[in-house]
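Structure, as structure tokens:
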Amino acid sequence: VNISDALIDNTSARFANYRLSKRLIEDVTISLAALYKGELRINCIAPGPVIPSSSDMDFFDRMRNLCPDKKLPTTDDVCYTLENLIRDQDITGEVVTVDCGISATLRH
């Protein structure tokens with residue numbers, strides 16, 4: 001299971017290298033799942049903002065306000081998704097977004 005980022009489609013030159021590397025992780029996940037179908041299951045989790053640093057509190061507050069329930073994902077949410085991907089033998093080649101609806105809100 002690879003880890004990406006739910007917000008990589010946010011256009012920001014400030015984090016261009018980071019965004020490109022996370023996009024590559026998602027593309028590699030899908031390609032390898034197709035290549036190794038039946039042999040390996042390969043998936044990716046794309047969490048939203050989970051653990052704030054003291055310098056990013058404004059960003060986390062803005063993201064929280066985009067969530068329908070006004071709550072951000074937790075490490076427990078990400079771990080729950082990981083457990084489900086490990087248990088479910090039928091899921092492969094998927095990028096599972098865990099962001100409490102932030103990416104859906106940003107698309108509309």
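Predicted model, so just to flag it, every value in this text is computed and none were measured.
Side chain of Thr29 to backbone of Gly93: no donor-acceptor contact under 3.5 angstrom is found. Of the possible polar contacts, one joining the Thr92 side chain to the Ile42 backbone as a donor-acceptor pair under 3.5 Å is found. Put simply, the side chain of Asp69 never gets that close to the backbone of Lys71: no donor and acceptor are under 3.5 Å apart. Within the 3.5 Å criterion, the main-chain N or O of Tyr36 finds no donor-acceptor partner in the side chain of Arg41. Here the side chain of Thr74 pairs a donor or acceptor atom with the backbone of Asp76 at under 3.5 angstrom.
For the pair Arg23 and Asp9, the minimum side-chain heavy-atom distance is below 4.5 Å. Ile25 has its side chain out of reach of Asp5: every pair of non-hydrogen atoms, C-beta onward, lies at least 4.5 Å apart. Between Thr97 and Ser4, every side-chain heavy-atom pair lies at or beyond the 4.5 Å cut-off.
With rounding to the nearest 0.5 angstrom, the CG atom of Asp77 is 5.5 Å from the SG atom of Cys100. To the nearest 0.5 Å, the span separating CD on Glu26 from CG on Asn2 amounts to 9.5 Å. Considering CE of Met63 and CG of Asp58, their distance stands at 11.0 Å, rounded to 0.5 Å. To the nearest 0.5 Å, the span separating CZ on Arg62 from SG on Cys67 amounts to 13.0 Å. Note that CG of Leu20 and CD1 of Ile8 are 9.0 Å apart. Values are rounded to the nearest 0.5 Å. Note that CG of Asn43 and OG1 of Thr81 are 11.0 Å apart. Values are rounded to the nearest 0.5 Å.
For the residue pair Ala6 and Ala46, the shortest heavy atom distance occurs at CB-O, 3.4 Å. Pro68 approaches Gly101 most closely through the heavy-atom pair CD-CA, 4.2 Å.
Apart from Val98 itself, the hydrophobic cluster it occupies contains Val1, Ile3, Ile45, Val50, Ile51, Val78, Leu82, Leu85, Ile86, Ile91, Val96, where clustering links Ile, Leu, Val, Met, Phe, Trp and Tyr at side-chain heavy-atom distances under 4.5 Å.
Put simply, Met57 and Phe59 are part of two different groups of oily side chains (I, L, V, M, F, W, Y) that touch within less than 4.5 Å, one to the next.
Not counting sequence neighbours, the partners of Arg64 by the salt bridge (Lys or Arg N to Asp or Glu O under 4.0 Å) test are Asp61.
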